[in-house]
Amino acid sequence: MAEIIKISDFNAPELDPFARLTERELFHSLPVDNGLFIAESPNVIHRALDAGYKPVSLLMEESHVRGQAKAVIERCGDVPVYVSTLDVLTQLTGFQLTRGVLCAMERRPEPDWREVCKDATRITVLEEVVNPTNLGAIFRSAAALGMDAVLVTPGSADPLYRRCVRVSMGTVFQVPWAHIGEEVDEWRKSGVQMLHEAGFKTVAMALRNDSVSIDDKKLMNEEKLAIVLGTEGDGLKDKTISDCDYTVKIPMSHGVDSLNVAAASAVAFWQLGNH
């Protein structure tokens, strides 16, 4: 049974994971082997629990213990539940956006990307997408629009960053994901080749005139397809584009030259995903 612990001081060490540790510090938190991450709101926490992530502690307004957090507390077993007043908790940046419930959870060892993609026919690869908001939005579109897996390259934001988890609405726990390449240079040198060796035809989403239509029949009929999206601003590296089997440009109107990477992902997934 959970132990309910009242916190009256914002500086209490029990609040460190929620209030003061950086993302990097959470990643290296001890004594947890793989580090921690923070899940926000009951729905997101339930999705993390459904995916098998282990809770470490909960933080919430006291009024939620028998309210919206009751089912979460029941599922979390005997982990400590820290409660406080709204006045104390609103000193946590953005706390009011979380629907009043936070959960510190253990990370898990990350699977090999080949295992993640073993039975996949439609995946997306995110090349150095550094904005956690964009990354979270891409995961949400991937879940909704038929992607079997998400691969992130070195240099990308971490899918378990707090903002990414929140923006994704917990879909980072529903869509299998992994990193591809041990280092940035490994991905840049041979990443697309690794995808080819795994049986995927590759699609570079890029603003090039020498491109095929996003509804090209040959493209649509490929058995295994990897949709490769690039970093904010600069897009994909030239070598990545040249190494891919297809280059696809989303048609634009009204003089707009490009879409935000998260918006572009939704268009690509809708057209090319499994649905």
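Since the structure is predicted, the reported quantities are computational estimates derived from the model, not experimental observations. All residue numbers in this chain count up from 1 along the given sequence.
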Open item on the list: If you take the centroid of each ring, where Trp contributes its six-membered ring, are Tyr82 and Phe18 closer together than 6.0 Å?
Closed with: no
TODO: Would you please test Val83 and Glu61 for side-chain contact (heavy atoms from CB on, under 4.5 Å) and show each step?
DONE: CA-CA 5 Å; Val83 300; Glu61 290 180 60; over 6 Å; no
Task: Closest non-hydrogen atom pair between Pro159 and Val172, with its separation - done: O-CG1, 3.6 Å
Open item on the list: If you define the side chain from C-beta out and look only at heavy atoms, does anything of Leu102 sit under 4.5 Å from Leu89?
Closed with: no
- [ ] Determine the minimum heavy-atom distance between Ile180 and Gly191, stating which atoms define it.
- [x] CD1-O, 4.2 Å
Open item on the list: Looking at every non-hydrogen atom in both residues, tell me the closest pair between Ala149 and Val175 and how far apart they are.
Closed with: CA-CG1, 4.0 Å
Open item on the list: Tell me every residue that passes side-chain hydrogen bond (donor to acceptor under 3.5 Å, both in side chains) with Asp243, counting only those two or more places apart in sequence or in another chain.
Closed with: Lys239
Task: Asn11 vs Arg20, side-chain contact (heavy atoms from CB on, under 4.5 Å): CA-CA, chis, key distance, verdict - done: CA-CA 9 Å; Asn11 294 310; Arg20 283 172 287 277; 4.0 Å; yes
TODO: With rounding to the nearest 0.5 Å, note down the distance linking CG in Leu49 to CE in Met105.
DONE: 4.0 Å
Open item on the list: Applying a strict under-4.5 Å side-chain criterion to I, L, V, M, F, W and Y, I'd like to know whether Ile241 and Ile214 cluster together.
Closed with: no
Task: Single-linkage hydrophobic cluster Val248~Val129, side-chain heavy atoms < 4.5 angstrom - done: yes
Task: Heavy-atom pair with the smallest gap, counting every atom of Ala142 and Val150 - done: CB-CG2, 3.9 Å
Open item on the list: Keeping Asp148 on the side-chain end and Ile123 on the backbone end, is there a donor-acceptor pair under 3.5 Å?
Closed with: no
Open item on the list: Between Arg114 and Asp112 (salt bridge meaning N to carboxylate O under 4.0 Å), is one present in this structure?
Closed with: yes
Open item on the list: Quick check for you: to the nearest 0.5 Å, what is the distance between Tyr246 atom OH and Asp216 atom CG?
Closed with: 6.5 Å
- [ ] Using a 4.5 Å cut-off on heavy atoms from C-beta on, say whether the side chain of Leu21 contacts that of Leu36.
- [x] no
- [ ] Give a yes or no on whether Glu110 atom CD has more than 12 heavy-atom contacts from other residues, nucleotides or ligands under 6.0 Å away.
- [x] yes
Task: side-chain contact (heavy atoms from CB on, under 4.5 Å) assessment of Met220 paired with Gln271 - done: CA-CA 8 Å; Met220 299 282 289; Gln271 184 65 46; 3.4 Å; yes
Open item on the list: Rounded to the nearest 0.5 Å, what separates atom CD1 in Ile4 from atom CD in Glu62?
Closed with: 8.5 Å
- [ ] Mind running salt bridge (Lys or Arg N to Asp or Glu O under 4.0 Å) on Arg188 and Glu128 for me, showing each step along the way?
- [x] CA-CA 10 Å; Arg188 291 179 180 177; Glu128 298 176 41; 3.0 Å; yes
Task: Same cluster (ILVMFWY, side-chain, under 4.5 Å), Leu236 and Val203 - done: no
Open item on the list: Are Val125 and Trp187 packed together at the side-chain level, in the sense that at least one heavy-atom pair is separated by less than 4.5 angstrom?
Closed with: yes
Open item on the list: Is it the case that the side chain of Glu232 and the backbone of Val130 share a donor-acceptor pair, with hydrogens and angles ignored and the cut-off at 3.5 Å?
Closed with: yes
Task: side-chain contact (heavy atoms from CB on, under 4.5 Å) partner of Val101, chosen from Ile45, Val44, Val65, Val81 - done: Ile45
Task: Side chain proximity check, Phe269 to Ile227, heavy atoms < 4.5 angstrom - done: yes
Task: Criterion side-chain hydrogen bond (donor to acceptor under 3.5 Å, both in side chains) on Ser213 and Asp215, from CA distance to verdict - done: CA-CA 5 Å; Ser213 171; Asp215 62 354; 2.3 Å; yes
Task: Value rounded to 0.5 Å, distance of CG in Leu15 from CG in Leu59 - done: 5.5 Å
Open item on the list: On a heavy-atom basis, which atom in Ile138 and which in Ser265 lie closest, and how many Å separate them?
Closed with: CG1-OG, 3.6 Å
Task: Arg163 atom CZ, over 12 foreign heavy atoms within 6.0 Å - done: no
Task: Approximate separation, where rounding is to 0.5 Å, of Asn274 CG and Thr121 OG1 - done: 3.5 Å
TODO: Look at the side chain of Thr231 and the backbone N and O of Asp234, then say whether any donor-acceptor pair between them is shorter than 3.5 Å.
DONE: no
Task: Exercise: do Ser41 and Asn43 side chains pair donor with acceptor under 3.5 Å - done: no
Open item on the list: With a 4.5 Å cut-off on side-chain heavy-atom distances among I, L, V, M, F, W and Y, is there a chain of contacts connecting Leu145 to Ile250?
Closed with: yes
- [ ] Examine Val212 and Trp270 and state if one hydrophobic cluster contains both, with Ile, Leu, Val, Met, Phe, Trp and Tyr joined whenever side-chain heavy atoms are less than 4.5 Å apart.
- [x] yes
TODO: Rounded to the nearest 0.5 Å, what's the gap from CD on Glu14 to CD1 on Ile5? Could you check?
DONE: 6.5 Å
Open item on the list: Walk me through whether Leu151 and Leu195 qualify under side-chain contact (heavy atoms from CB on, under 4.5 Å).
Closed with: CA-CA 10 Å; Leu151 302 182; Leu195 293 169; 4.0 Å; yes
Open item on the list: I'd like to check Met169 versus Arg47 (side-chain heavy atoms, cut-off strictly below 4.5 Å). Are they in contact?
Closed with: yes
- [ ] Answer yes or no: is there a donor N or O on one side and an acceptor on the other, between the side chain of Ser57 and the main chain of Ala104, under 3.5 Å?
- [x] no
TODO: Can you see which heavy atom on Val79 is nearest to which on Pro55, and at what distance?
DONE: CG1-O, 3.5 Å
Task: Listed once per pair and sorted, the side-chain hydrogen bond (donor to acceptor under 3.5 Å, both in side chains) pairs that draw on residues 196-210, sequence neighbours left out - done: Gln193-Glu197, His196-Thr202, His196-Asp245, Thr202-Asp245, Arg208-Asp238, Asn209-Lys249
Task: Glu23 side chain near Leu160 side chain, heavy-atom distance below 4.5 Å - done: no
Open item on the list: I'd like to know if the side chain of Arg122 and the backbone of Glu223 have a donor-acceptor N/O pair within less than 3.5 Å.
Closed with: yes
Open item on the list: Measuring only between side-chain heavy atoms, which start at C-beta, is Glu186 closer than 4.5 Å to Met194?
Closed with: yes
Task: Pair Thr240-Glu127, side-chain donor/acceptor within less than 3.5 Å - done: yes
Open item on the list: Between Leu26 and Pro17, is there a side-chain heavy-atom distance shorter than 4.5 Å?
Closed with: yes
